[in-house]
Amino acid sequence: MPWRVGPARRSAGERPDPYRVWLSEVMLQQTTVAAVREYFRRFTARWPDVAALAAAPDADVMAEWAGLGYYARARNLLKCARAVVADHGGVFPDTAEGLRALPGIGPYTAAAVAAIACDEPAVVVDGNVERVVARLWAVRTPLPAAKPELVRLAGRLTPALRPGDHAQAMMDLGATICTPRNPVCALCPVSEFCDARAEGIAADLPRKAPKAEKPQRLGFAYVAVDAQGGVLLERRPEKGLLGGMAGFPGSVWDTAPAPAPPFAADWREAPSAVRHTFTHFHLTLRVFVANVGGAGFTPRADFHPAALPTVMRKVWDAAQAVLVPQRSV
DNA sequence: CAGGCGTGGGC
DNA sequence: TGCCCAAGCCT
C-alpha cells in the first residue's frame, strides 16, 4: 500500500508518519484497500498534516469523504484532528491507551497505530486477525462471543520486535490467503500450524451469529433545478444516517411514507426509481423533478455530484432523464 | 450492549 | 442477480 514505509527505509530507522497511519486506518475501518486508495491520496494531497486537516471547514472534509461511507468516521476524523491540535500540541499520543481516548479511535485503530507508528507491541485484532486466529486454533465458538478468546490467542503471537510489521502481515494474510471463503491453504506460510486446516474445517471458521434480514423501505426525493442550473440541497442532521452530508430534500424513509415535496410545483416523476442498500435496510426512492427557481438554491458552479453520498448521487443520475436541458452559465 | 451506521466488489 | 461481506466505532 502506498502509505507504507518499505523495509529499506524502515531499517534506516524511519517510522511511518502517525498522521498518515491514523488516516489510513480510519479509512480502512470496514472498507477495502481498493476503495480507500484514491481517497487517501486526495486527503493527504489536500491536507498533508494533522494541523491542516484540523483547520479545514467541516463541509470540505465531508465533501471529500463523500462516497466512502460510514460518515460518522469523517465527523470523528475532524474531531480527532482538532483534539490532537488543541489538547496534544499537534502531536498524536504515542501509546495505544492515549490514542484510544480520541474520537473515532477504538481498540483496533489504537492498537494498529501504536504498533505501526510507535513500535508498541499492541495486540492488533481486526476481522482478518479474528479469522486467521480462529482457524489456527480451530476456535468453534461463534463471534462475537469468541472475541475475548481470539484477542487472547492473538496476543500469544504478538512479538516485541517489529509489532507493526507483524500486525500488517497478519492482516495481509487474512486479506489475501486466509480469506473468508475458499482460503488458499496451499499458499499459506503457516498451514502446518493450523488446527482448522488439519481438521478440514478452515473454510467453516470463524462461525458467526446469523444476521437479521434487511427490511424494505420506501421514500420520495425531490430534485429542483432553476434556470441557471442551480439545485436545491439540504444538509442532513449531524446524527443518524448520512449525518452531516448534503442531499436532496425528501420524505422520511420507511414502510409507507407520505410524499413530501419541499414546495408546490409541477413535479414530474423520473422513469426509474433509485434502489440502494444500506447496512440494515433496502431502500427504493421515487425521484421527482421540477424546473423551478427559489431562494437558497446552490449555484451550479458550487454543485458537485461527487460531493454527495452515493444514494444521493443515484438520485441526481435518475433525475437527468426528466430534466430540461440547461444552458451552461 | 445489540443495533445503527455505507459502499463497492466478489462470487 | 442477490447476497456475502471489509483493516470498527459509538451509544
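When reading the values below, keep in mind they use all heavy atoms of this one structure, side chains included, and skip hydrogens, waters and symmetry mates. Chain naming here is simple, since letters A, B, ... match the order of the sequence lines and numbering starts at 1 in each. What you see is a predicted model; the values in this text were computed from it and never measured.
A donor-acceptor pair is defined here as one N or O able to donate and one able to accept, closer than 3.5 Å; no such pair exists between the side chain of A:Arg75 and the backbone of A:Leu78. In this structure, the side chain of A:Tyr39 engages the main chain of A:Ala66 through a donor-acceptor pair within 3.5 Å.
When the P atom of B:dG6 is taken as reference, atom CG of A:Leu308 falls 15 Å away, rounded to whole Å. Note: CG (A:Leu283) to C1' (B:dG4) measures 16 Å, nearest angstrom. Atom-to-atom, NZ of A:Lys147 to C1' of B:dA2 comes out at 15 Å; the value is rounded to the nearest Å. Atom NZ of A:Lys314 is separated from atom C1' of B:dT7 by 9 Å (rounded to the nearest Å). Summarising the geometry, the separation between CD on A:Glu38 and P on B:dT7 is reported as 18 Å, rounded to the nearest angstrom. Following rounding to the nearest Å, A:Lys214 (NZ) and B:dT7 (P) show an atom-to-atom distance of 12 Å. A:Met62 places its CE atom 12 Å from the C1' atom of B:dG6, with the value rounded to the nearest Å. Taking atom NE2 of A:His280 as the reference point, atom C1' of C:dC10 lies 14 Å away to the nearest angstrom.
Side-chain N/O atoms of A:Thr31 and base N/O atoms of B:dG6 include a donor-acceptor pair closer than 3.5 Å. For B:dG6, the base has a donor-acceptor partner in the side chain of A:Thr279 [N/O atoms by modelled type, under 3.5 angstrom].
For A:Lys211, whose side chain is taken as the heavy atoms from C-beta onward, the closest listed nucleotide among C:dC5, B:dG6, C:dG8 is C:dC5. Side chain of A:Arg73, nearest nucleotide from B:dG6, B:dC5, C:dG8: B:dG6. With B:dG6, B:dG4, C:dC5 as the choices, the nucleotide that has an atom nearest any side-chain atom of A:Lys208 turns out to be C:dC5. Taking the side chain of A:Asp126 as heavy atoms from C-beta on, and the options B:dG6, C:dG8, B:dT7, the nearest nucleotide is C:dG8. In the set B:dT7, C:dG8, C:dC10, B:dT7 carries the atom at the smallest distance from any side-chain atom of A:His276.
Comparing A:His282 and A:Thr109 by the nucleotide of DNA chain C whose heavy atom lies nearest to each, the residue mapping closer to the 5' end is A:His282. Where A:Phe278 and A:Arg181 meet DNA chain B, the nucleotide closest to each residue was compared, and A:Phe278 sits on the side nearer the 5' end. Nucleotides of DNA chain B nearest to A:Asn182 and A:Thr310 differ in position, and the one nearer the 5' end is that of A:Thr310.
Across all strands, A:Pro144 comes closer than 4.0 Å to no nucleic acid atom at all (heavy-atom distances). In this structure, A:Val124 reaches neither bases nor backbone, as no heavy-atom distance under 4.0 Å exists between it and the strands shown. If you check every strand for non-hydrogen atoms under 4.0 Å, A:Gly67 touches sugar and phosphate atoms only. Among the protein residues, A:Arg313 comes within range of the sugar-phosphate backbone only, with heavy atoms under 4.0 Å from sugar or phosphate atoms but none that close to a base. Residue contacts shown for A:Leu68 include a base, since a base heavy atom lies under 4.0 Å away. Contact annotation for A:Arg131: backbone-only contact, meaning every heavy-atom pair under 4.0 Å involves sugar-phosphate atoms and none involves a base. At the heavy-atom level, A:Gly174 lies nowhere under 4.0 Å from the strands shown.
At B:dG4, none of the side-chain N or O atoms of A:Tyr70 fall inside 4.0 Å of OP1 or OP2 (strictly under the cut-off). In terms of phosphate contacts, A:Gln30 brings a side-chain nitrogen or oxygen within less than 4.0 Å of OP1 or OP2 of C:dG8.
Taking the six-membered ring for Trp and thresholds of 30 and 60 degrees, A:Tyr19 and A:Phe92 have ring planes inclined between 30 and 60 degrees apart. Between A:Phe278 and A:His276, the ring-plane angle classifies as perpendicular under the 30° and 60° cut-offs.
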(message) Before you tell me yes or no, could you show the steps for A:Trp22 and A:Asp17 under side chain to side chain contact (heavy atoms under 4.5 Å, CB included), namely the whole-Å CA-CA distance, both residues' side-chain angles and the distance that decides it to 0.1 Å?
(response) CA-CA 9 Å; A:Trp22 161 73; A:Asp17 177 2; over 6 Å; no
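If you take atom C1' in B:dC1 and the same atom in B:dC5, they sit 16 Å apart, rounded to whole Å. Rounded to the nearest Å, the gap between the P atom of B:dG8 and that of C:dC9 is 22 Å.
In summary, of the residues considered (A:Arg207, A:Lys147, A:Arg135), a salt bridge (Lys or Arg N to Asp or Glu O under 4.0 Å) with A:Glu130 occurs for A:Lys147 alone.
A:Phe220 and A:Val322 are assigned to two separate hydrophobic clusters, defined by single-linkage of ILVMFWY side chains at heavy-atom distances under 4.5 Å.
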